[in-house]
Amino acid sequence: MSTLRSTHEWQAADAAHFLHPFTDFKGLAAKGSRIITRADNIYLWDSDGHKLLDAMSGLWCVNVGYGQEALVQAAARQMRELPFYNAFFQTATPPAIELAEVLAEVAPPQFKHVFFSGSGSEGNDTVVRMARRYWDLLGQPQRQVIISRHNAYHGSTMAGASLGGMSGMHAQGGLPIPGIEHIEQPYWWEHGRTQGLTRDEFGLVAARWLEERILAIGAEKVAAFIGEPVQGAGGVIVPPATYWPEVQRICDKYGVLLVSDEVICGFGRTGRWFGCETMGTRPDLMTFAKGVTSGYVPLGGVMVGERMARVLIEQGGEFNHGYTYSGHPVACAVALANIGLIRSLGLVEHVHDEVGPYLAQQYRSLAEHPLVGDAETCGLMGALLLVKDKKSGAAFPPELEIGMVCRGHCFREGLVMRAVGERMIVAPPLVITRAQIDEMVALIRRCLDLTLADARRAGWLA
Ligand code: PXG
């Protein structure tokens, strides 16, 4: 593979052949992709040699940072020894067995079993089939409905996108599939602040939307509730502290399974191994992907709590579901090296005790910026809401795409920060240091200043 082509040559070949995910194909072909050629620690370099601080960890996944030789060596060793074998016909490979064992160690105590997939989306397809199968086996086949939230992201397969609450996705391809319902998200700024509720009051209100929906459907028809501990792709929506414990209480009351989608929140992101531990829930299923291998190779899966595992194992017979790459030995070997590194570097503690609180402190100071209406963090995830009028919290009209204006400055200044509507979000690698947080926050502040200057010039401010 040549890295010696010019940026223009890469862009031409890209436009000629590569259909990118979630992309306006024609628009990108006209503009040309940004070509990323190498990375180290928390930094990327593009094909013009421009250096960027990657405050998004690739795509919420490179938890241990780039350039970790232990993961490279684990992949090379496993590829030499046994690059592939399946787990279908009563076979297994040592890395898959060992990873299952290690996941049972790092996951909350109710999890002793795992079903592997190749991605988070496939993991959530497994969730749908497994939850419905569980109720079938218990003689309650009418328990089919899975409740999720608007503005949730659970992947891009038919089931994953159906569970997700992205209207743009539902508008294409005949989604959602039957038996998926959505309630409103626990987004205080939009749904609680305007009602004059405190965050904690709103958390209870939002959780009770779940109870109302369960009662409207009939509890005997509800299989499960699924949610991300903190919504990632939806814009780092950190729920009030009261939300998840109340959701847990409601799920317990009606016997509804609780599914924690840990694809982003898992493996240290929130300052605990899994986001459910930060939020205080005891899920029955946990979807994971991304941080399990720090994105070095694809791997996902579902941790299955004992309540369900006992039924699926003891009474289940054959579960007619699985993927060629369920338990891929190279992916599992890399995951083992990755989890080993998270442990030996103490990254979960590093987020919990050191850089998570430090990021929160820095975000309190960013909250003072005239463009910022709200600033929040959870572990190493952060969001800044850009507003037109700091006093009233009035929003910019969406057509101004203020987030994209800010994002443009970020790229030019050497920072990868995502824009989700008016929310500017970060989720840097967990190896980030305090000094690097200072560097990141200085870049963020500079980009906010540049965006503010643009907005002033254009007369967009209140
Ligand atoms: N669940 C959650 C919570 C996710 O964030 C998936 C499932 C699907 O995982 P796979 O591996 O199938 O992509 C995700 C993925 C974004 C963005 O724009 C987020 C994701 C994927 C692509 C874009 O923030 N998360």
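Only a predicted model underlies this, so the values are computations on that prediction, with no experimental measurement involved. Atoms within each ligand, like the ligands themselves, are counted from 1 in listed order.
P283 has its side chain within reach of Q110: a pair of non-hydrogen atoms, C-beta onward, lies under 4.5 Å apart.
One finds a salt bridge joining R282 and D252 here, because a Lys/Arg side-chain nitrogen approaches an Asp/Glu carboxylate oxygen to under 4.0 Å.
For ligand 1, the protein residues within 4.0 angstrom (heavy atoms only) are L59, W60, S119, G120, S121, N124, Y153, H154, G155, E228, A233, D261, V263, I264, K290, R418.
Note: H191 and F202 have parallel aromatic rings, judged against thresholds of 30 and 60 degrees for the angle between ring planes.
Applying the side chain to side chain donor-acceptor pair (under 3.5 Å) rule to R307 yields the partners Y134, D284; only residues at least two apart in sequence or on another chain are considered. In this structure Y323 satisfies the ring-ring contact (aromatic ring centres under 6.0 Å, His included) test together with H321, sequence neighbours excluded. A search for side-chain contact (heavy atoms from CB on, under 4.5 Å) contacts involving R193 returns W188, W189, not counting sequence neighbours.
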